[in-house]
Amino acid sequence: MLLPHLFADLIQQATRTAQKKGDLPTFALPEVTVTRPRHTDQGDLSTALPLQIIRAVNEARKEKGDSPLSPVQVGEMIARRLPGHPALGRAEVAKPGFINLRLHSGWVAAQAGAIARQGADYFRLDLGRGQRVQVEFVSANPTGPLHFGSARNAAIGDTLARLHEHNGFQVQREYYINDRGAQTDIFAETLWRRYQQLHGVAVEIPADGYPGAYMIDYARRIQADHGAALLALSDAEAIPRCRSLGLGLVTAELADDLARMRVFFDHWFSEQSLYEDGTFDHVSALLRDQEDLYVKDGAVWFRASKYLPKSDRDEVFIRANGEPGYYASDIAYHYNKFILRGFDRVIDVWAVDHQNQAARMPAMLKALGIDPDRLAIPLYDLVTLRRGGVEVRLSKRSGDIITLREVVAEVGADAARFLLLSHSNEARIDFDLDLAVAQNAENPVYYVQYAHARVASILRKAAAEGLELSDADTDLLAHPAELALLQKMLELPEVVSEAIARLAPHALPHYALELARIFTKFYDACRVLSDDPADQALTQARLTLVQATKTCLAYVLDLIGVDAPQSM
RNA sequence: GCCCCCGUAGCUCAGCGGCUAGAGCGACUGCCUUCUAAGCAGUAUGUCGCAGGUUCGAAUCCUGCCGGGGGUGCCA
């Protein structure tokens with residue numbers, strides 16, 4: 001249980017007791033919230049409950065003819081009735097009407113031993129209770145290399161997946177391949193023309209084709225595998241062939257690019273397969289039977305307005321040209337996710353330019369009989385890349401693109417992930433690549449990694465001196481720097497829980513930085529290893545603390561997919 | 001026009017109802033015979049875009065305005 005929840009329970013019990021004993025009048029209590037105050041002199045955890053209930057208290061007292069109480073008096077009445085708990089230390093009531101609670105320092109110190117014993121399990125929560133969750137992310141069109149914007153999607157999606165799989169969910173990472181439709185057609189034709197050009201055929205790529213040099217690379221690879229064999233084919237035969245060969249090349253490349261960011265997918269899902277295995281037909285029939293489809297202007301429309309009372313807008317299901325629109329694919333796809341594959345929960349990670357599309361998803365889910373709350377769509381803003389202050393366009397159609405691969409090669413997967421995850425999803429990321437590289441050594445990610453390397457170094461040295469981690473007397477951990485370090489570790493489950501609830505991982509790198517800073521202060525203030533035999537017990541206790549720190553740092557770094565080095 | 005996001009220290013950004021607004025970078029001053037100085041200690045810096053409102057309490061919620069970005073039915 002999260003510490004704020006535990007303490008909220010204690011406060012609630014105390015308040016009920018105060019009511020039963022007649023200190024306070026009886027009335028319905030609001031939900032008790034306990035928060036982490038900003039300043040240490042305001043306790044480790046704090047609640048403003050007296051301020052929230054003061055009106056109800058005094059109204060009830062007035063009816064009985066009693067004089068009004070101050071929030072501080074109410075706070076004291078509650079604080080007096082607090083039940084005992086090993087984690088609970090002192091409780092004090094502060095000025096306007098806060099109850100500020102301290103953790104019991106002996107209990108805090110003992111957590112060092114618990115963490116060292118249990119490892120990362122100490123921090124894990126069973127939020128999912130085994131629920132199956134799918135995280136679908138990146139899913140960029142398979143028409144070329146990933147540009148740097150996709151790196152943000154990759155970092156967010158993968159970290160959301162890691163957060164879930166460490167905290168009680170069964171997770172599947174999926175990449176949705178848009179392997180049908182106009183973009184794929186143009187991609188296939190461009191590839192075919194490039195292939196022909198390699199063999200000296202005087203043809204041009206389509207006017208709206210893909211001009212990037214990478215298309216020539218793909219053509220070369222087809223040439224390497226098949227020589228001139230395709231030249232004998234007609235356009236009608238060659239283009240589908242090139243589509244298939246090209247998609248194979250691109251998806252392999254996508255997987256390779258993403259692997260360089262430590263992102264690995266469990267499943268690559270083909271949009272086309274929805275049309276080949278009958279899912280689309282089945283969903284169409286289903287909607288038709290529900291009278292959710294109608295014809296207008298030569299197109300077939302889905303009656304979305306029926307399911308979204310606030311909207312009178314319907315969606316094109318099948319376009320006038322007979323081709324299903326993307327919304328149709330999305331319906332079939334989500335039918336597949338929820339009904340055919342039975343995920344309890346699905347997370348689609350999309351960029352903000354899909355905001356309207358995201359807003360329309362609940363309509364289809366309701367039509368399919370699926371609770372819309374089972375689908376979550378975190379939206380993140382775009383990444384603007386600059387080089388020497390000049391914006392570098394990431395556009396896929398411009399020919400000159402900055403790829404994910406290039407940037408990762410330049411700044412490294414660790415720095416890239418840490419940086420991309422440090423911003424809230426809604427914030428646009430705008431950074432200068434030259435600056436990022438120039439500041440390489442000053443990058444916060446290295447500060448965190450350095451802290452981990454120092455921790456590892458101490459433990460290595462201790463092992464070399466024959467010291468073994470054993471049952472230490474953690475009561476010896478009483479230095480402010482030691483307790484501050486433990487306090488920070490104890491906050492981690494709250495950070496994780498919040499990140500999952502909001503589908504927003506950005507607090508994790510910030511937390512990692514804070515933890516690293518507090519460790520480094522401890523490192524500076526408290527010598528761990530000592531030659532003096534008289535210090536043996538303290539050394540043991542501190543080694544336990546260092547081991548706990550290693551566990552905690554490594555776990556957070558694992559969650560954000562950043563390496564935890566043993567040395568630097 | 002309408003909808004969504006952003007506007008917090010010189011820069012990049014956290015904080016999004018709680019009691020004295022933070023971090024990193026940058027600036028300035030000290031600190032390496034001791035477990036990694038990719039470090040530590042200290043100093044300086046903010047009308048939290050503007051104006052109202054709600055609340056015991058607002059950077060945080062509501063309304064309007066200003067500035068930036070995105071979206072707006074047969075592309076995805």
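Values below: all heavy atoms of this structure, side chains included; hydrogens, waters and symmetry mates excluded. Note on naming: letters A, B, ... go to the chains in the order of the sequence lines (proteins, then strands), and numbering restarts at 1 for each one.
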Taking the same atom, [atom1], in [N] and in [M], what whole-Å distance lies between them?
| N | M | atom1 | answer |
| --- | --- | --- | --- |
| B:C13 | B:C75 | C1' | 34 Å |
| B:C65 | B:A27 | P | 43 Å |
| B:G30 | B:G18 | C1' | 38 Å |
| B:A59 | B:C19 | C1' | 15 Å |
| B:U47 | B:G57 | P | 25 Å |
| B:C48 | B:G42 | C1' | 26 Å |
| B:C2 | B:C16 | C1' | 26 Å |
| B:A9 | B:C50 | P | 11 Å |

Seminar exercise, completed: Residue set satisfying salt bridge (Lys or Arg N to Asp or Glu O under 4.0 Å) with A:Glu494, at least two apart, ordered chain then number -> A:Arg36
For this session: Name the orientation class of the two ring planes belonging to A:His510 and A:His506 (parallel below 30°, tilted from 30 to 60°, perpendicular beyond 60°).
Result: perpendicular
Problem set entry | Quiz item: A:Glu315 side-chain donor-acceptor pair to B:G73 base, under 3.5 Å | no
With both distances under 3.5 angstrom, what nucleotide forms a Watson-Crick or G-U wobble pair with [N]?
| N | result |
| --- | --- |
| B:G73 | none |
| B:G39 | B:C31 |
| B:C56 | B:G18 |
| B:U63 | B:A51 |

Exercise. Where is the tightest heavy-atom contact between A:Ile458 and A:Val528, given as atom of each residue plus distance?
Worked result: CG2-CG1, 4.0 Å
For this session: Grab the two heavy atoms, one from A:Ala14 and one from A:Ile78, that are nearest each other, plus how far apart they are.
Result: CB-O, 3.4 Å
Looking across every strand, which nucleic acid part, if any, lies under 4.0 Å from [X] by heavy atom: base, sugar-phosphate, or nothing?
| X | value |
| --- | --- |
| A:Tyr523 | base |
| A:Ser457 | base |
| A:Ser530 | nothing |
| A:Asp314 | base |
| A:Gln566 | base |
| A:Arg428 | sugar-phosphate |
| A:Asp297 | base |

Seminar exercise, completed: The ring pair (Phe, Tyr, Trp, His ring centres under 6.0 Å) partner of A:Tyr327 among A:Phe302, A:Tyr333, A:Trp301 is A:Phe302
Rounded to whole angstrom units, what separation is found between the [atom1] atom of [X] and the [atom2] atom of [N]?
| X | N | atom1 | atom2 | answer |
| --- | --- | --- | --- | --- |
| A:Arg360 | B:C75 | CZ | C1' | 12 Å |
| A:Met364 | B:G73 | CE | C1' | 14 Å |
| A:Gln355 | B:G73 | CD | P | 12 Å |
| A:Asp353 | B:U72 | CG | P | 8 Å |
| A:Met568 | B:A38 | CE | C1' | 6 Å |
| A:Leu379 | B:C6 | CG | C1' | 14 Å |
| A:Arg180 | B:C75 | CZ | C1' | 13 Å |
| A:Asp330 | B:A76 | CG | P | 9 Å |

Problem set entry | 5' precedence on RNA chain B between A:Leu382 and A:Arg55 (nearest-nucleotide basis) | A:Arg55
Seminar exercise, completed: Judged by nearest nucleotide, the residue sitting upstream toward the 5' end of RNA chain B, A:Trp301 or A:Val528, is A:Val528
Exercise. When syn is taken as a glycosidic angle within 90 degrees of 0, is B:C32 syn or anti?
Worked result: syn
Exercise. A:Tyr447 has a side chain; which of B:G39, B:G70, B:A41 sits nearest to it?
Worked result: B:G39
For this session: Return yes if a side-chain donor-acceptor contact under 3.5 Å exists between A:Thr279 and A:Asn336, otherwise no.
Result: no
Exercise. Does the cation-pi check pass for A:Arg454 over A:Tyr523, that is, NZ or CZ under 6.0 Å from the six-membered ring centre and within 45° of its axis?
Worked result: yes
Exercise. Hey, are A:Arg517 and A:Glu514 close enough for a salt bridge, meaning a charged N less than 4.0 Å from a carboxylate O?
Worked result: no
For this session: Considering only NZ, NE, NH1 and NH2 on the basic side and carboxylate oxygens on the acidic side, decide whether A:Asp532 and A:Arg527 come within less than 4.0 Å.
Result: no
Exercise. Does B:C35 have OP1 or OP2 sitting under 4.0 Å from an N or O in the side chain of A:Arg542?
Worked result: no
For this session: Flag yes if more than 12 heavy atoms outside A:Glu465 fall under 6.0 Å of its CD atom; otherwise flag no.
Result: yes
Show the distances under 3.5 angstrom between N or O atoms of the protein and N or O atoms of nucleotides 14-23 of chain B.
unit_1	atom_1	unit_2	atom_2	d
B:A14	OP1	A:Ser424	N	2.5
B:A14	OP1	A:Ser424	OG	2.7
B:A14	O3'	A:His506	NE2	3.2
B:G15	OP1	A:His506	NE2	2.5
B:G18	O6	A:Gln52	NE2	3.4
B:C19	O2'	A:Lys95	NZ	3.3
B:C19	N4	A:Ser46	OG	2.9
B:C19	N4	A:Asn100	OD1	2.8
B:U20	O4	A:Asp41	OD1	2.9
B:U20	O4	A:Asp41	OD2	2.2

